[in-house]
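Quick one: this structure, given as structure tokens, is what I'll be asking you about.
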Amino acid sequence: QEIRVAAAADLKFALDELGTHYEKQTGRKMDVSYGSSGNFLAQIQNGAPFDVFLSADIEYPRKLEAAGLAEPGTLYEYALGRIVIWMPADTRIDLAQLGWKALLDPSIQKIAIGNPEHAPYGRAAVAALRSVGIYEQVRAKLVYGENIAQAAQFVASGNAQAGILALSLAISPPMREGKRWEIPAKMHPPIEQAAVILKSAKDKDSARAFLTFLKSGEARKILESYGFSVPASAQTQ
Amino acid sequence: MAIEVSSARLAARVRKIRRGEGSAFFLLDVQMEVPSGISILFGPSGAGKSTLLDCIAGLAQTDEGRIAINGDVIFDSEKGLSVPPQSRQIAYVFQSLALFPHMTVEANVAYGLPHAREQTRDGRVSEILKMFRVEQFRHRKPREISGGEKQRVALARSLVTQPRVLLLDEPLTGLDAELKGSIIDDLRAWNAAHKIPILYVTHSREEVDALGERVIALEHGKIVSEGTPREVLDAPRRRRLAQAAGFENLLRATVLDLREPDGVMRVRLADAVCEIEVPLGHAAPGDRVRVAIRAGDILLATEPPRALSARNVLEGKISSLERRGTLVVARVDCDVVFTVHVTPGAERALELAVGKKVWLVLKTHSCHFVEG
Amino acid sequence: MAIEVSSARLAARVRKIRRGEGSAFFLLDVQMEVPSGISILFGPSGAGKSTLLDCIAGLAQTDEGRIAINGDVIFDSEKGLSVPPQSRQIAYVFQSLALFPHMTVEANVAYGLPHAREQTRDGRVSEILKMFRVEQFRHRKPREISGGEKQRVALARSLVTQPRVLLLDEPLTGLDAELKGSIIDDLRAWNAAHKIPILYVTHSREEVDALGERVIALEHGKIVSEGTPREVLDAPRRRRLAQAAGFENLLRATVLDLREPDGVMRVRLADAVCEIEVPLGHAAPGDRVRVAIRAGDILLATEPPRALSARNVLEGKISSLERRGTLVVARVDCDVVFTVHVTPGAERALELAVGKKVWLVLKTHSCHFVEG
Amino acid sequence: MKIEALLLSVRLALCVSAILIAIGVPLAYGLAYSRWRGKFLLEAIVALPLVLPPTVLGFYMLLAMGPRGALGKLWYAAFGHGLAFTFAGLVIASVLYSLPFAVQPLVASFETVDSKLLDASAVLGAGSLRTFRRIILPLSVPGIITALVLSFAHTLGEFGVVLMVGGNLSGVTRTVSIDIYDRAQSLDYAGANRTALLLLVISFLVLSAVYGANRRAGRRAWAPWPLR
Amino acid sequence: MKIEALLLSVRLALCVSAILIAIGVPLAYGLAYSRWRGKFLLEAIVALPLVLPPTVLGFYMLLAMGPRGALGKLWYAAFGHGLAFTFAGLVIASVLYSLPFAVQPLVASFETVDSKLLDASAVLGAGSLRTFRRIILPLSVPGIITALVLSFAHTLGEFGVVLMVGGNLSGVTRTVSIDIYDRAQSLDYAGANRTALLLLVISFLVLSAVYGANRRAGRRAWAPWPLR
Ligand SMILES: Nc1ncnc2c1ncn2[C@@H]1O[C@H](COP(=O)(O)OP(=O)(O)OP(=O)(O)O)[C@@H](O)[C@H]1O
Ligand SMILES: Nc1ncnc2c1ncn2[C@@H]1O[C@H](COP(=O)(O)OP(=O)(O)OP(=O)(O)O)[C@@H](O)[C@H]1O
Ligand SMILES: [Mg+2]
Ligand SMILES: [Mg+2]
């Protein structure tokens, strides 16, 4: 009774720890496949043998629900994504002081964000830029990563001088050293991340057990420590 | 015109056009019957000999015609029938050899025997390798043997199969005299044992004499003459062929009169005064013709010959003497210059020397009347 | 041993081992000087002729030696010098031709003239194509011409360059008699005009006689004889060479006595009673030797010859008579069977027939003492 | 886990190369020797899988293999389970994707075999099959090696198609290239480096063994080789 | 925008194929004809880019192109700007990635040229360069076509490396394969289908033109072709 979880790539660090706790607590095993939520959607529509889907974008589980591929009533918004402006540690820009204005510094030639066409963090980044009114100014400097991890690689490797990344990545061990400035959640629409149990799940009990665990306070604490905020709807449960 | 199909023979009617660049093209148009035994295909370079063999083997597409072996039709353009090369059971030694470069000599030779039991096969391969004196190279690749050795391997590779017809395209060029002699002996023995039609292309008069029972002369894609070596090569009807067959004396002449009862006609050579008798031909007095005489057929005497049957005796002077291997080539000026071959022994016995007065004796039937 | 380097000649000392499969190997070990003019490289198949040419041209690696053209050293193993083939200015017609398959005949021939101005080049190419009678194929690819045509193109391709040395590996095999004759004439003219060393490999006695000023005889990788064609081919010192050079009579004999003043020795043939005189050689009475005699050097008489200088007269009976082209081959049984060539004219004049009693006349100096 | 992924990748690459040679050889033979005038169209079609991004090709494969796809329905009828997300599915998708890398070099090699040798084989009584096995194949070894190396290495490194039709299931469809990709995506550079290095070293050993053997054999076995 | 991406892809594929032929030909020549005993190691190295997942290779390229990477420093010193996210960067990365596809078929072709012809060329006075240009190259046309087709098509379809070092800048680095991928990711399957179809059709036309011309010319120009 091993459950197969399809998870958005930005959950990697958090879910690794969640998994350990889950396994210790329930004695059940879980196997996680990380990937792009869009790909998972296509795969699930074509019979992928996953039990639980943790999407970076609530749209996808909703689509599955509408198509009757998800167990009705299991959709659960487990976290809200947070975004930050991130710069390498050696930058001479005082990010903490300048905040979003740091992006206008002339030494910044490229700003890496996720592809707004399909990456929720990218969409949020564009929205944030728009909300402070500098989108048009920096537009020519934007480079798009296929997903938020790739955008992180653009900055981490120094090819881009700044990036708008997921907080979960910015505080992960490899990037913890860099400078970051958290973009207030009100500057962009919420990045709603949701889980759902799939119709095709073989072991629905285990899947439910996992979802239950995900809703537990312990899980929420872990998620928060990895840079996700837990939505109000979840907190009320 | 239907071809009579008898047994143990190859009957072929072949028409094929080869187009070169531009408008030039070559037309092969041949009809022949090859009985069992060795038939020599003789003809100048570019006459179409290899093309003909390719058509028979099925490697070149024949445009029109019919080919049958022992009554078994393997090609018929009318019926749209063309047996593929691998099913024709024709062995063919190419002019270009085409040994398989990745296989040893042994494997090359064994290639044609896939169905033989291993022991039989090894035995036959060893035997034929020995016959062609290449057994010491059996484990080498074709790149590691000499030109003559390659040639022998190619021969061995073809002869080891049990073909119904054997096609050999200049198989002995590039071999030394002794090897040639011994392989010719082997080929004769093979022929005696197998009794299949063998078409053998060569330009070498020596090989024709040593091997040929029949000669087919090809020129510009057409058969111009057919028969025994003597009939074809010693009495050629065409100038090109006379040259190819090595008639050293090819003289312009004018017909003087026909002596039909004697079966001869008198001709005057070139613009000289000398007259000779030649066998009667299709000509009228006054016609300009050519007479071909072999240098070896001319007898040379240092005294006016008496009591000889020969009617053609010409007086002349030796203008040059040249030793050529086993032969002495004398040029004798009798107004017209004749080339005469004598043996070195005769040269000494007759004490021949440049300037010496000699008499040439030509038997009438050694003088060949040539068209064109 | 230093090689004297004079001008307009090729001086070569070449040692090369070719390893085949297993323990068998071939050793070429040759030292020679080739003056300008045509030198024939003669030897049985596998003697190492092509290997030698490859070494001179730089296509095969020479293990040890020194090669110089007109005093200009192109290879010296001691000094570690080896001029690459393309800088040696040596033209080479391969036994395997190796025409460029993707180029027309014309482009093949022009290949060696990259630096010539276009007009000069076209002129020279056209000229040489005409010389070898392949101008009508100039726009064809090698695949689209016959074997003999290919051979002529390969010759033209090499001769059009201005080499310092010319290497020809059996360039005329597979050509008909007439073409051969005309190309031989062209080669002679070319030679007269260019005056460079030409090494010409052939097995054909005919070509040797027609072209060769000098002959180098190679056997098992070593030079066994060198000199004029007559010196080398008519007086061979080794049995293998005697066969290769076409000595029809190669007889076992026992030395009877040496007559040093006359420069002759008497030998008894095989186990027969007949005795003949041969030139003095390195032998002692009682030694078993071999005597080589050309069939064309034996004179045949129908009456006991009188007043002849020849000391060797043997009586015998004709046991067979066979016409071979321009020759009549007679076998005469004098206890030992001799092969004798006579001309058809002589056959008629002497009224030769099987069973007829004849006398063979052998001049002493036609009898060659052969080692081994 | 790394080892598991590596073994899976090697298994996949071996299967795919073997199948590609098995399919590619007859296909290339047809393309090289057929006298059909329109065969250049077929040649173009064989090269087409190349021009699509692997994930996109993978996406279409996923559709084909899914419960509504033709291939998927067929497979289900035959084996009682779906094709996507199985090892067999990976193999099929990779074969399709790498087909051009196998077929192209094979066609090029087959075409350069001297036709005179084929003639010689025919007159010695060999049918097309024997000629192919004994003459064309051995003389095309350089091309076959190329085809094998390209398909093997390409399958090892491929991840777009595999990710799409495989779904990254550990032990079943998570190949080593996906593993490396995953690590790189989660910024685990040290892990990615280690695995990539391991993959490189192993591949290097395999490839140099192939090339080394090829050289050593080639020098002696195949004539066209320049040997001076 | 679709057209823009398509044009960009074609431009990229053309540049990359041209550069690959320019680099690949001398490299393949060295590999085919060098007498160095260890060259099989070099052959293995050339094939190595294949075994890494493209995005991973792209990631390492990104590092190399960055301000701390060797390539990046060099480029910055020469041109005053970074290499990543530029067309030039794409070209360099794609060249590296597709190198094996160009080199392998070239080596295989060069090796099958009859060495007797090279000898003939040498004794006719031609140096290595002339022999190469006039004999080896024309006789290797099937291999060159293979190399060209594989590198062209592969660059058209490649997206992992391009994505990694390109940054998806429309008009600069957003190639058509990335465009298709993006659409598929944003669940715009209809759009993806349309673009993919367009790409397939155009590629098919280009490829069949190449093969068709090759066939027609080949029949007459290159001897080794079987022609019966
Ligand atoms: N690459 C090779 N490896 C091993 N042995 C070889 C190689 N090439 C030639 N040989 C051997 O060396 C000997 C000499 O060969 P070469 O080609 O020089 O002979 P040749 O005199 O030209 O003979 P032919 O008249 O038959 O052409 C032969 O016995 C041959 O088998
Ligand atoms: N593939 C081809 N395309 C066009 N013409 C060709 C082709 N092959 C041969 N020919 C021409 O056809 C004629 C006959 O060629 P073939 O090879 O049959 O001559 P051959 O009698 O064998 O001559 P050789 O004694 O020189 O080998 C020649 O003039 C040749 O140029
Ligand atoms: Mg011919
Ligand atoms: Mg030779």
Side-chain angles (χ1 to χ4, degrees), chain D residues 32-33 39-41 43-45 47-48 50-57 59-60 100-101 104-105 107-109 111-115 118 142-143 145-146 149-150 153-154 156-160 177-178 180-181 184 192 196 199-200 203-204 207-208 210-212 214-215 218 224-228, chain E residues 32-33 39-41 43-45 47-48 50-57 59-60 100-101 104-105 107-109 111-115 118 142-143 145-146 149-150 153-154 156-160 177-178 180-181 184 192 196 199-200 203-204 207-208 210-212 214-215 218 224-228:
Chain D
Y33 292 108
K39 73 173 174 176
F40 69 94
L41 297 175
E43 280 189 281
I45 289 175
L48 275 190
L50 271 181
V51 302
L52 285 183
T55 36
V56 173
L57 187 72
F59 174 68
Y60 291 124
F101 300 117
Q104 296 283 340
V107 173
S109 297
E111 277 175 345
T112 39
V113 171
D114 184 357
S115 65
L118 310 185
I145 299 272
T146 298
V149 165
L150 290 184
H154 194 249
L156 267 192
E158 214 298 293
F159 92 105
S177 54
I178 291 188
I180 302 177
Y181 173 76
L199 183 59
L200 281 180
S203 305
F204 177 75
L207 289 174
S208 49
V210 168
Y211 285 121
N214 174 13
R215 287 288 150 216
W225 236 266
L227 178 124
R228 255 192 272 151
Chain E
Y33 291 109
K39 71 173 176 177
F40 69 95
L41 297 174
E43 281 190 281
I45 288 174
L48 275 189
L50 270 181
V51 301
L52 286 183
T55 36
V56 173
L57 186 74
F59 172 65
Y60 292 123
F101 300 115
Q104 296 282 340
V107 172
S109 295
E111 277 176 342
T112 40
V113 172
D114 185 356
S115 64
L118 309 184
I145 299 269
T146 298
V149 165
L150 289 184
H154 194 247
L156 266 194
E158 213 299 293
F159 96 115
S177 51
I178 292 188
I180 301 176
Y181 175 76
L199 182 61
L200 280 181
S203 305
F204 177 76
L207 289 174
S208 50
V210 168
Y211 286 121
N214 173 14
R215 287 287 148 214
W225 235 264
L227 178 122
R228 257 191 267 150

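Numbered from 1 within each chain, the chains take letters A, B, ... in sequence-line order.
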**Message:** For E/Tyr181, give me all partners under ring pair (Phe, Tyr, Trp, His ring centres under 6.0 Å), at least two apart in sequence or on another chain.
**Reply:** E/Phe159
**Asked** Which atoms of D/Ile45 come close to chain E, meaning under 4.5 Å heavy atom to heavy atom: side chain ones, backbone ones, both, or neither?
**Response**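 For D/Ile45, the contact with chain E is made by backbone and side chain together.
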**Prompt:** Which bit of E/Ser203 is near chain D, if near means a heavy-atom gap under 4.5 Å: side chain, backbone, both or neither?
**Reply:**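 Contact with chain D involves both backbone and side-chain atoms of E/Ser203.
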**Asked** Pick from D/Ile178, D/Leu156, D/Leu50: which one has the most heavy-atom pairs with chain E under 4.5 Å?
**Response** D/Leu50
**Message:** For the OG1 atom of E/Thr112 and the CG atom of D/Asp114, what is their distance to the nearest 0.5 Å?
**Reply:** 11.5 Å
**Asked** Is E/Leu118 close to E/Val113 at the side-chain level, that is, under 4.5 Å between some pair of heavy atoms?
**Response** yes
**Request:** Name all residues meeting the ring pair (Phe, Tyr, Trp, His ring centres under 6.0 Å) criterion together with D/Phe59; count only those two or more places apart in sequence or in a different chain, and write none if there are none.
**Result:**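 Only E/Tyr189 meet the ring pair (Phe, Tyr, Trp, His ring centres under 6.0 Å) criterion with D/Phe59.
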**Message:** Is any side-chain heavy atom of E/Gln104 closer than 4.5 Å to one of D/Phe101?
**Reply:**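 Heavy-atom side-chain distance check fails, nothing below 4.5 Å.
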**Request:** Go through E/Ala108, E/Ser109, E/Ser177, E/Pro53 and name the one with the most non-hydrogen pairs under 4.5 angstrom from chain D.
**Result:** E/Pro53
**Message:** Please identify, among D/Leu150, D/Ile180, D/Leu41, the residue contributing the most non-hydrogen atom pairs under 4.5 Å to chain E.
**Reply:**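 The candidate making the most pairs under 4.5 Å is D/Leu150.
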